[in-house]
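Quick notes on the structure that follows.
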There are 2 protein chains.
Amino acid sequence: MPRSSQPARRDRPEPRAATVARRASVLKAALDCFTRHGIDGTTIGDIQKAARCSVGSLYHHFGSKEGIAEELFIEGISRFNRGMLRRLRQSRGAEESVKAVVRFYCDWSMRNRALASYLHSRDIDFSEQARARLKTVYRSYITEVFTWFGPFVAGGTMRALPPEAYVPLISGPIQEYVRRWLSGHYEPSPARMKELFADAAWQAVRSRGPAGPAVH
Amino acid sequence: MPRSSQPARRDRPEPRAATVARRASVLKAALDCFTRHGIDGTTIGDIQKAARCSVGSLYHHFGSKEGIAEELFIEGISRFNRGMLRRLRQSRGAEESVKAVVRFYCDWSMRNRALASYLHSRDIDFSEQARARLKTVYRSYITEVFTWFGPFVAGGTMRALPPEAYVPLISGPIQEYVRRWLSGHYEPSPARMKELFADAAWQAVRSRGPAGPAVH
DNA sequence: ATGTTAACTAGAATATGGTTCTAGTAAAAG
DNA sequence: CTTTTACTAGAACCATATTCTAGTTAACAT
């Protein structure tokens, strides 16, 4: 096929430096507005003012207000995922790894409070296209995570469970806690709960039965 | 104070039957539209058509599109809460109660799929007033729940934990699982996971230590 | 350097759709 | 039977998301 002999023609043609900067500044401004007034509450004008750019510019780069919201969301998720994988790869052994997931979730959310809060808003009104992108991002992430944990399950350190059960069991509680904390339901910092949830996560997925007792 | 001697003047003056019906039909129509096209994707016109009523009527009863969304949300939460409390009160003992929470969450979500899905959309752009109402509803609910479980903790059957830890530990996993299931991430019905998560919940909050081993 | 192309910016014009307003109708209250 | 008030209707209004046309700037080939 001649297509493959074309010298990387279809790749994007290297965005200008100004473009990168503008996109970033828009996303930053948008996050700011969104956290302040909610997604619906912020107008294109708000973002425009905060990012100091024209309507035309916004639409050129993102196509729509929704486009901005989607981009912000996907970028945020990607950043979170990258961070999680980095942290995971620094961990040794099953227990440390499982706990690392919980701890990272907590730490990251506290460090990136606004973004974390935004990521908790649901993707109800995302476009089909954005949904697809998100799915891709998630798939490649979850694949890496499972690759990491696979050996522990195979080796019998962790319970063998239906694959869909692991994420809820490990991250469910901390996620729910952080969500409530972010939306201001209560004050106690997640940091104080971190180890509690980390332990619980490990108890939920560690191997039980003949291998040994579950307690001290 | 003379105010208190006024004969219950401030109560609502008994809504007409037609009013109740209309409100209900609007909420039903709205839920329908929202699940089909998302909240933002739904126009007042859509709801109007689906509920067969005029704009004026909508605004008379709910004040705004957001008002409709809020009402639907609060009503949904209330129904869920009532159901949960009913189920809880049919349970005997700590273990059965804890597991009942998980099971009910799962059952209810499957039975009321559209509403459950709607309730998972976050309350980002709710009015201050709605937020307050929601808080009231939640508070009275959580109070009853804690009243129910209090004795088990006091009696040593359940672990003593920071109060904010219980909900995430017990409901976090099933909630996360159901959320993913509702948004179509995967097929396996929550029913197949119900007992797994019920067990995990119980393990997370049951008493450990000297009282007995954590396993078989 | 200079011309050519395409990425990018700008803001006025447009269109969509949420909200308000005025004028009613029907049901309860006295 | 009158009065009051909850309720309905839909046209007018208005905020704001999006589109359009006209430029401007940067990269790049000659």
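Throughout, a chain's letter reflects where its sequence line sits, starting with A, and its residues are numbered from 1.
- Rounding to whole angstrom units, NE2 of residue B/His37 and C1' of C/dG17 are separated by 15 Å.
- Nearest nucleotide to the B/Ser57 side chain, out of C/dA10, C/dT9, D/dA9: D/dA9.
- Comparing D/dT18, C/dT9, C/dT19 against the side chain of A/His61 picks out C/dT9 as the nearest.
- Computed from coordinates, the A/Ile39 CD1 to D/dA17 P distance equals 13 Å when rounded to whole Å.
- Remark: P of D/dT16 and NZ of A/Lys49 are 10 Å apart, rounded to the nearest angstrom.
- The side chain of A/Ser54 contributes an N or O atom lying less than 4.0 Å from OP1 or OP2 of C/dA10.
- Between B/Asp107 and B/Arg111, none of the side-chain N atoms (NZ, or NE/NH1/NH2) sits under 4.0 Å from a carboxylate O, so this pair counts as no salt bridge.
- Rounded to an integer number of Å, the gap from OH of B/Tyr59 to C1' of D/dC14 is 12 Å.
- The side chain of A/Thr43 sits closest to D/dT16 out of D/dT16, D/dG10, D/dT19.
- Positionally, the nearest nucleotide of DNA chain D for B/Gly56 lies more toward the 5' end than for the other of B/Gly56 and A/Glu66.
- Distances shown here put a side-chain N or O of B/Arg22 below 4.0 Å from the OP1 or OP2 atom of D/dA9.
- Between the side chains of B/Ser171 and A/Glu176, no donor N or O sits under 3.5 Å from an acceptor N or O.
- Distance CG (B/Asp40) to C1' (C/dT16): 14 Å, rounded to an integer number of Å.
- Applying the side chain to side chain donor-acceptor pair (under 3.5 Å) rule to pairs touching residues 132-142 of chain B yields A/Arg180-B/Tyr138, B/Glu71-B/Arg133, sequence neighbours excluded.
- The distance between atom CG of B/Leu58 and atom C1' of D/dG10, rounded to the nearest whole Å, is 12 Å.
- The distance from atom NE2 of A/His60 to atom C1' of D/dT18 is 16 Å, rounded to the nearest whole Å.
- Using modelled atom types, one finds a donor on one side chain and an acceptor on the other under 3.5 Å when comparing A/Ser127 with A/Glu70.
- Atom pair B/Ile44:CD1 and D/dA15:C1' shows a separation of 15 Å (rounding to whole Å applied).
- Closest to the B/Ser64 side chain, of the nucleotides D/dT19, D/dA9, C/dT19, is C/dT19.
- Judged purely by distance below 3.5 Å, without hydrogens or angles, the side chains of A/Ser97 and A/Trp148 pair a donor atom with an acceptor atom.
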